[in-house]
Amino acid sequence: MKLSIIIPVYNAEKHLANCLQSVCHQDLPKHNYEVIVINDGSTDLSSEIILQFQQRYGNIVFIDQENKGVSAARNAGLSTAQGEYITFVDADDEIENNSLKQIVELLVNEDLDVFYPKIDTYSENGERLNSINVGEKYDEVKSGILQQRRTFTPTFYRKELIGTIRFNENISFGEDTVFNSQVQSLADRVMFSDIPYYKYTVLQNSLSKQGESEKVFRGFLNAIREVRNFQQENFQENPDAKVYFDKVYEIFVTRILELNVMPKWNRTFYIDLISLLKEKKLLHILIMLSEKYPYVDTSFRKFKVYQKFLAFKLQIHGQIYSAYRFLRSPKTMIISATSKSKNKSKSIKIAILTQQLGFNYGGIIQNYALQRILTNLGHRVITINRGEENPNSKLKIFLNRCKLLILRYVFNERKPIFLDYKKISRTNSKFISQNIKLSPLIHTTPMLVDYFSKSKFDAVLVGSDQVWRPNYSPNILNFYLDFLQSQNDLKKISYAASFGTDKWEYSEIETQICTELIQQFQGVSVREDSGIELCAKHLNRNDVEHVLDPAFLLSAEDYSDLIGPAKSEVGLFTYFLDESHETLKFVEFCAKTLNLTLHKNQAKLSPYDIKISKIQDYMIPPIEGWLKGFRDAEFILTDSFHGTVFSILNKKAFFVIVNSERGAARFESILKQLGLEDRLIYNLERFNLSNLKNEINYQTVYSKLEELKKDSLLFLNTHLSGWK
């Protein structure tokens, strides 16, 4: 028997009959070839279709097996095949009628080991698309490692050459390329031909449509390992083989970049890819690609973030090894970011522009965390103390304060219509002065221009918190660095910037100006996934990354070092920015249900809600007590984003009460990432108190959190390093 055609089948009823008809409608005598059809556990009518064809054609061999995957199905066919030559056909493709006789004669007459015929592509509705060039020179016979190679299924192989080589059943994607590259490398006689043969159907759910699937990515990594191991076992120190296999690795690395890394700039995938290439001594493949793609028209240009790839490409001349050392293991990255850095050689001076630090615990602690992370990375960091701009003249401000004093002391007006904000927030001020390096107070844009011109910063980092929410900002344009337009040598980066909502709150003119300003940022990251959509839709910035709030980048132990050991256990700890009668009633029900005492660490009254005369009611308790509350609590209820953050960091049972006016996007984003969406309460009246007893699997949560932390630290490291 001259030929065995192997067809793996899985739920292919739509195309299978046409496929089988094409391989059976041939001019080669039936006794000269067999069609081995492997039903790989199909749940549709594929099995019945195969049986019908088997009854009509005596050369069809039917193998029925449980679902094991396409590689296992092909291997089953290889174990059964009796032909001198073997080829494969996919169940959704076809071959040209009466094409086999000419090909088999060519195989025999030229004594070929591997043969590549012509391929034409078709749409699912049968429309011919184009032909695929299978080789530069047709009908030229060369040895396998000196000949071109292609990854296509319709290749004819000498069975004796295949020997014990099989498809690796642990490789989900790219297994045909691995098999093809291994067999051809052993061949002495390989030929390409323009003989019409294979009709390839382009399916809508093909691999190229599957995006950055984890399964696709891991399959490609396994494929690289398999080919590299084969090369090292069979071709030690063979320069021709090196050229041959390098082209194979280039295929896989290109696919990884295009399908897995590029669309959303997946940093975890990128690190894993580099780690494997370094382990297998294949880093030169990535270097070659980083030089190639900026200058040629390739499919990379289909992705909106192509320019980002260029910005991150490896520096070949003099800096490549330091670049790779930078992309070290994720574990090392986290340790270096959360502990003191010994390497100060890359130290730069960084300004952080965030909301003014004052009353809000979360705003203070996120800035503390970001400063500490950057300092531990070896940088010199200072937070810009950007205060509110008062539109009134100094004289008017002075006269207004005089009026308030007269009302209080002359007319005995006891209502504190004027609060001493410094006094009520002095505990926060103490924490800030001891733990955060601040600039002098800056009230205006000209003051910002003057301060930056004198300070000689290397980079400015906007974030985190709701720095891009106009209603919360002293001057929203400042937070897009409008005062630095003339300083092109300054790195401009946003880290975990938040719009605070998934709604667009900018005016038309603000949108126009901010769109122009954000284009000058070398790196843009946001705290919520909704921020990515807002940037793309309204600010024309499509390479935005999603990172963690800085508070997540430190550990619970890091914060515990600030406050000392626990002295007493806290029962039900609450932290609400908007405390209503309905909320208080719900908290009491929860405390009763859980049999826990209530604790809080907040001023009795908000400084924005002046009601009575006692200034003590507005005094803000120390932030250390707030941190202790989250650490030592048994259960937590909050409506605060950073309250949510510290509930998770301390691995506490918690629920978040959503304030519809403030928006839920901030909570939904992080809780969705961690699989904790069920901790959100949108309607207190409909909440089932029995859900309070539902436990959280923090092992799973922390596994996800660590991966997100790696990505976030890599964003900071990359954009603050010396890469250009």
Side-chain angles (χ1 to χ4, degrees), residues 354-369 371-372 383 385 416 418-436 438 465 549-551 554 556 558-581 583-584 586-588 590-591 596-650 652 654-657 659 662:
T354 188
Q355 296 284 13
Q356 187 176 25
L357 309 182
F359 303 137
N360 187 275
Y361 292 138
I364 295 170
I365 209 67
Q366 63 83 19
N367 187 249
Y368 163 78
Q371 271 210 11
R372 179 168 171 180
T383 295
N385 190 10
F418 173 74
L419 279 177
D420 186 341
Y421 291 119
K422 287 185 178 180
K423 185 174 182 179
I424 66 173
S425 62
R426 63 187 178 188
T427 57
N428 281 357
S429 298
K430 181 180 179 181
F431 178 88
I432 292 169
S433 65
Q434 293 177 344
N435 296 283
I436 297 175
L438 276 181
D465 220 350
D549 182 278
L554 296 179
D558 291 323
Y559 295 109
S560 192
D561 290 342
L562 288 170
I563 56 180
K567 295 182 179 179
S568 59
E569 190 175 85
V570 177
L572 174 57
F573 184 71
T574 66
Y575 179 60
F576 293 107
L577 300 178
D578 300 289
E579 198 171 56
S580 65
H581 174 73
T583 302
L584 291 174
F586 177 78
V587 168
E588 291 175 359
C590 291
L596 296 174
T597 56
L598 284 171
H599 297 267
K600 62 188 298 186
N601 188 82
Q602 289 178 266
K604 184 175 181 180
L605 293 175
S606 167
Y608 307 108
D609 184 22
I610 301 174
K611 293 181 178 180
I612 58 176
S613 60
K614 295 180 181 179
I615 195 171
Q616 290 79 8
D617 292 329
Y618 300 93
M619 298 293 289
I620 299 173
I623 194 171
E624 291 85 352
W626 184 76
L627 292 171
K628 286 180 181 179
F630 287 104
R631 184 193 64 183
D632 302 335
E634 188 172 338
F635 202 98
I636 296 167
L637 291 174
T638 186
D639 66 352
S640 155
F641 176 82
H642 286 102
T644 305
V645 170
F646 280 90
S647 299
I648 295 169
L649 280 175
N650 289 284
K652 300 299 181 179
F654 74 96
F655 277 95
V656 179
I657 300 174
N659 184 326
R662 287 182 180 262

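We're numbering straight along the sequence, starting at 1. Just so we're clear, the structure is a prediction, and the values are computed from it rather than from any experiment.
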Under the side-chain contact (heavy atoms from CB on, under 4.5 Å) rule, collect the residues that match up with Thr597, sequence neighbours excluded.
His599
For the student: nearest non-hydrogen atoms of [X] and [Y], plus distance:
| X | Y | answer |
| --- | --- | --- |
| Ala369 | Tyr559 | CB-OH, 3.5 Å |
| Lys652 | Ala633 | NZ-O, 2.9 Å |
| Leu649 | Leu554 | CD2-O, 3.7 Å |

Separation of [Y] [atom2] from [X] [atom1] (nearest 0.5 Å):
| X | Y | atom1 | atom2 | answer |
| --- | --- | --- | --- | --- |
| Leu598 | Thr574 | CG | OG1 | 6.5 Å |
| Ile364 | Gln356 | CD1 | CD | 10.5 Å |
| Asp465 | Thr354 | CG | OG1 | 5.5 Å |
| Ile648 | Phe630 | CD1 | CZ | 11.0 Å |
| Lys628 | Leu562 | NZ | CG | 11.0 Å |
| Lys430 | Ile623 | NZ | CD1 | 13.5 Å |

Treating [X] as the side-chain partner and [Y] as the backbone partner, does any N or O pair qualify as donor plus acceptor under 3.5 Å?
| X | Y | answer |
| --- | --- | --- |
| Asp639 | Leu577 | yes |
| Asn428 | Gly358 | yes |
| Gln602 | Phe576 | yes |
| Asn601 | Pro622 | yes |
| Ser560 | Ala556 | no |
| Gln434 | Phe431 | no |

Are side-chain heavy atoms of Tyr361 and Ile620 found at a separation under 4.5 Å?
yes
Are the aromatic ring centres of Tyr575 and Phe646 under 6.0 angstrom apart?
no
Will you find, in the side chains of Asn659 and Asp578, an N or O donor that is under 3.5 Å from an N or O acceptor?
yes
Would you check, one step at a time, whether the test side-chain contact (heavy atoms from CB on, under 4.5 Å) holds for Ile365 with Leu627?
CA-CA 10 Å; Ile365 209 67; Leu627 292 171; 4.2 Å; yes
Contacts of Glu588 that satisfy salt bridge (Lys or Arg N to Asp or Glu O under 4.0 Å) - sequence neighbours left out:
none
